[in-house]
Engineer: 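Here it is, the structure in full.
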Amino acid sequence: MTVIPMTTDVPHQLIVITGPTAVGKTSLTIQIARHFFTEIISADSRQFYKEMRIGTARPSKTEMKAVPHHFIGHLSIHDPYNVSRFENDALSKLEDLFSKHHIVLLTGGAGLYINAVCSGIDELPDPDDSLREGLKELYLKGGIAALLDRLKDLDPDYYRTVDRANPKRLMRALEVCITTGQTYTSLRKNKPKPRDFRVIKIGLFRDKEDLAKRISDRTDAMMAEGLLDEVKSLYPFRHLNALNTVGYKELFQCIDKEITLSQAVEKIKTNTRRYAKRQMTWFRKDEDIRWFHADDVEGISRMLDAGCWMLDAG
RNA sequence: GGCGUCGUAGCUCAGAUGGUAGAGCAGAGGACUGAAAAUCCUUGUGUCACUGGUUCGAUUCCAGUCGAUGCCA
């Protein structure tokens, strides 16, 4: 029997499985996890919430039993949460898991969250509720112009490069400047943080028609499973950020009689397609991702079993 | 069968008293550092149903054909 000793010269490996929504990450990741007798960390910013089960395509009970999953349903929609917290939570969970496994899997479709785990994000202050309220107020009263005015003062460099039409970006930058007394620009180092594990990123793709079909089928399946009831039960909380989510917001509109049920279902499908598209534009930029067709289990296994990726610098 | 209305971008529709056309949605591309399934940006050439006629010129006017639809029979 060969036991690989847990020493520093054998690097821990984080295998990241990513790709657009509905591409088939869940089942493939479970297969790989079983192959390596390891566990899965989810980087899916909506599967975190315990109240959102059907609409987020959470892995089934059987699937979760087959392989331990982490960060699925561990939060309530009422809990404030963000990437930075996820970075911390995931890192400490990884430390724990790496004491038992050489290889751990991370899967999900939120590129920002994955990057936070793999290379970290800058130290910036968490949002402050009352300040955020104030900025929202400023925006409502004075519009984008008011935000821009303020930013021009507080961080002229960022003012030059921001997307000036994006209120959320502007408000966040202002928030950081005001709470720290420093410019947002100066705090954004954009330097990867060292990690004591290696990362390999696997991207799953499918052609457009195939993905669209899967999205459509999955949406129908969610409806058959009772999405509408799930959404109804969350209706009182529809203004929470967690519920500003594809599959939920459209059905809220239906409950509000703004659109019909079949219109809502169609809208869920097109919004999911658009989400998948946005994910792809994010992932395309990431040169570390090795792409495989989502059905190419053979190819992925071959690559992983060859183990040559373990020798990659990283 | 008669009379009327309509036929313009993938969809819903606007428009030009005749000089080959434009919105919304969809689609496509992009951005992205604590709200990220979020938020935001860019992007519109299409036999203007078909066939003739009038005209320097017709998608626009006229006639016919076909299709849709409404009313009357």
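All chains are named by letter (A, B, ...) in the order of the sequence lines, taking the proteins before the strands, and each is independently numbered beginning at 1.
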Engineer: Is any NZ, NE, NH1 or NH2 atom of the basic residue among A:Arg53 and A:Glu225 found under 4.0 Å from an Asp or Glu carboxylate oxygen of the other?
Structural biologist: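 Counted as a salt bridge, because a side-chain N and a carboxylate O are separated by less than 4.0 Å.
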Engineer: Answer with base, sugar-phosphate or nothing: what part of the nucleic acid does A:Arg85 contact at a heavy-atom distance below 4.0 Å?
Structural biologist: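 Nothing, no heavy atom under 4.0 Å.
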Engineer: A:Asn241 side chain N/O closer than 4.0 Å to the phosphate oxygens (OP1, OP2) of B:A36?
Structural biologist: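 A:Asn241 to B:A36 OP1/OP2: side-chain N or O found under 4.0 Å.
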Engineer: Can you see whether A:Lys269 engages A:Ser216 through a side-chain donor-acceptor pair at a distance of less than 3.5 angstrom?
Structural biologist: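 Yes - a donor-acceptor pair under 3.5 Å links their side chains.
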Engineer: Is the phosphate of B:A31 approached by A:Thr281 (side-chain N or O, under 4.0 Å from OP1 or OP2)?
Structural biologist: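 A:Thr281 to B:A31 OP1/OP2: side-chain N or O found under 4.0 Å.
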Engineer: OP1 or OP2 of B:A28 less than 4.0 angstrom from a side-chain nitrogen or oxygen of A:Lys208, does that happen here?
Structural biologist: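 True: A:Lys208 side-chain N/O within range (under 4.0 Å) of B:A28 OP1/OP2.
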Engineer: Examine the base of B:A36 for any acceptor or donor lying under 3.5 Å from a partner atom in the side chain of A:Lys168, and report the outcome as yes or no.
Structural biologist: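 In this structure, the two groups form no donor-acceptor pair.
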Engineer: For A:Lys285, report the nucleic acid contact type (base, sugar-phosphate, nothing); a contact means any heavy atom under 4.0 Å.
Structural biologist: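 Here A:Lys285 touches the bases of the nucleic acid.
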Engineer: Less than 4.0 angstrom between a side-chain N/O of A:Arg278 and OP1 or OP2 of B:G30, yes or no?
Structural biologist: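 No.
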Engineer: With a 3.5 angstrom cut-off on both distances, give the Watson-Crick or G-U wobble partner of B:A14, or none if there isn't one.
Structural biologist: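 Result: none.
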Engineer: Should B:A68 form a Watson-Crick or G-U wobble pair with both distances under 3.5 Å, which nucleotide is its partner?
Structural biologist: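 Partner of B:A68: B:U5.
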Engineer: Paired with B:G27: which nucleotide, if any, by Watson-Crick or G-U wobble criteria at under 3.5 Å for both distances?
Structural biologist: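 Paired with B:U43.
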Engineer: Who is the Watson-Crick or G-U wobble partner of B:G19, with both distances under 3.5 Å?
Structural biologist: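 Partner of B:G19: B:C56.
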Engineer: Applying a 4.0 Å non-hydrogen cut-off, can you work out what A:Gly111 is touching in the nucleic acid: base, sugar-phosphate, or nothing?
Structural biologist: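 It contacts nothing in the nucleic acid.
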Engineer: With a 4.0 Å cut-off on heavy atoms, is A:Tyr113 in touch with a base, just the backbone sugar-phosphate, or nothing at all?
Structural biologist: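 Counting heavy atoms under 4.0 Å across all strands, the contact made by A:Tyr113 is with sugar-phosphate only.
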Engineer: Look at all strands and tell whether A:Glu123 reaches a base, only sugar-phosphate, or nothing, counting heavy atoms closer than 4.0 Å.
Structural biologist: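 If one applies the 4.0 Å heavy-atom cut-off, A:Glu123 turns out to touch a base.
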Engineer: Answer with base, sugar-phosphate or nothing: what part of the nucleic acid does A:Asn244 contact at a heavy-atom distance below 4.0 Å?
Structural biologist: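 Sugar-phosphate contact only.
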Engineer: Students often get this wrong, so: under 4.0 angstrom with heavy atoms, is A:Lys267 touching a base, only sugar-phosphate, or nothing?
Structural biologist: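 No contact.
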Engineer: Under 4.0 angstrom, heavy atoms only, what part of the nucleic acid is A:Asn190 near: base, sugar-phosphate, or nothing?
Structural biologist: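 The answer is base, as A:Asn190 lies within the cut-off (heavy atoms under 4.0 Å) of a base atom.
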Engineer: Would you mind classifying the nucleic acid contact of A:Tyr184 as base, sugar-phosphate or nothing, using non-hydrogen atoms under 4.0 angstrom?
Structural biologist: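 Contact class for A:Tyr184: sugar-phosphate only.
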Engineer: Assess the residue pair A:Glu123 and A:Lys189 against the criterion (salt bridge (Lys or Arg N to Asp or Glu O under 4.0 Å)); give the C-alpha distance rounded to whole Å, side-chain angles, the decisive distance to 0.1 Å, and a yes or no.
Structural biologist: CA-CA 9 Å; A:Glu123 301 295 334; A:Lys189 313 282 188 220; over 6 Å; no
Engineer: Nearest of B:G34, B:A35, B:C41 to any side-chain atom of A:Lys136?
Structural biologist: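 The closest nucleotide is B:A35.
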Engineer: Tell me whether the OP1 or OP2 atom of B:U33 has a side-chain N or O from A:Arg169 closer than 4.0 Å.
Structural biologist: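 A:Arg169 to B:U33 OP1/OP2: side-chain N or O found under 4.0 Å.
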Engineer: Look at all strands and tell whether A:Thr272 reaches a base, only sugar-phosphate, or nothing, counting heavy atoms closer than 4.0 Å.
Structural biologist: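 Since no nucleic acid heavy atom lies under 4.0 Å of A:Thr272, the category is nothing.
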Engineer: Please work out which of the three classes, parallel, tilted or perpendicular, describes the rings of A:Tyr158 and A:Tyr184, given edges at 30° and 60°.
Structural biologist: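 Judged by the thresholds at 30° and 60°, the geometry between A:Tyr184 and A:Tyr158 is perpendicular.
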Engineer: Look at the side chain of A:Asn82 and decide which nucleotide, out of B:A35, B:A26, B:U33, has an atom nearest to it.
Structural biologist: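 So the nucleotide nearest the side chain must be B:A35.
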Engineer: Once you round to the nearest 0.5 Å, how far does CD of A:Gln47 lie from CE of A:Met52?
Structural biologist: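 Result: 10.0 Å between the selected atoms.
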Engineer: Nearest of B:A38, B:G30, B:C41 to any side-chain atom of A:Ala165?
Structural biologist: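 Nucleotide nearest to A:Ala165's side chain: B:C41.
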